[in-house]
Amino acid sequence: TYPVRAITADTAVYGVVGDPVGHSQSPVLHNHMYHRTHTNAIYLPFRIPKGELAAGLEAFEAIPVSGYSVTIPHK
């Protein structure tokens, strides 16, 4: 699901933010397509509880993340 051995300094990081996100199929689908299309990217789940979106995104700035999908409770 998460091709961590293929991550390089050039790997783009994307993810889904929400709570809960552990059940999301988005990482499976995105990472499969990145692999099929030879795209140097990874898609991760980011659990950010309700009321903590701004602080959570600020904390993830260190990664850096190229883009997020947003799900409950932040929609």
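Note that the structure is a prediction, hence the values are computed from the model and not measured.
By the rule that hydrophobic residues join a cluster once side-chain heavy atoms approach within less than 4.5 Å of another member, Val16 and Met33 end up as members of separate clusters. At a threshold of 4.5 Å between side-chain heavy atoms, the hydrophobic network of Ile, Leu, Val, Met, Phe, Trp and Tyr places Leu29 and Tyr68 in two separate groups. Taken together through direct or relayed side-chain contacts under 4.5 Å among Ile, Leu, Val, Met, Phe, Trp and Tyr, Tyr2 and Phe60 form part of one hydrophobic cluster. A single hydrophobic cluster is seen to contain both Val65 and Leu53, as judged by linkage of ILVMFWY side chains at heavy-atom distances under 4.5 Å, directly or through other members.
Taking both residues in full, the closest heavy atoms of Asp19 and Ile48 are given as CB-O, 3.5 Å, listed atom of the first, atom of the second, then distance. Between Ser66 and Ala12, the closest heavy-atom pair is OG-CB, 3.9 Å. Heavy atoms only, all atoms of each residue included: Thr11 and Thr8 are closest at OG1-N, 2.7 Å. For the residue pair Val13 and Pro64, the shortest heavy atom distance occurs at CB-O, 3.8 Å. A pairwise comparison of heavy atoms in Lys75 and Val70 identifies CE-O, 3.3 Å as the closest pair. The minimum heavy-atom distance linking Pro3 with Ile42 is given by the pair CD-CD1, 3.9 Å.
Within the 4.5 Å cutoff, no side-chain heavy atoms of Ser24 are placed close to those of Pro45. Taking 4.5 Å as the limit, some side-chain heavy atom of Thr71 sits within range of a side-chain heavy atom of Val21.
For residues 12-40, the set of pairs meeting the ring-ring contact (aromatic ring centres under 6.0 Å, His included) definition, not counting sequence neighbours, comprises His30-Tyr43.
With values rounded to the nearest 0.5 angstrom, Ile63 atom CD1 is found 7.5 Å from Leu44 atom CG.
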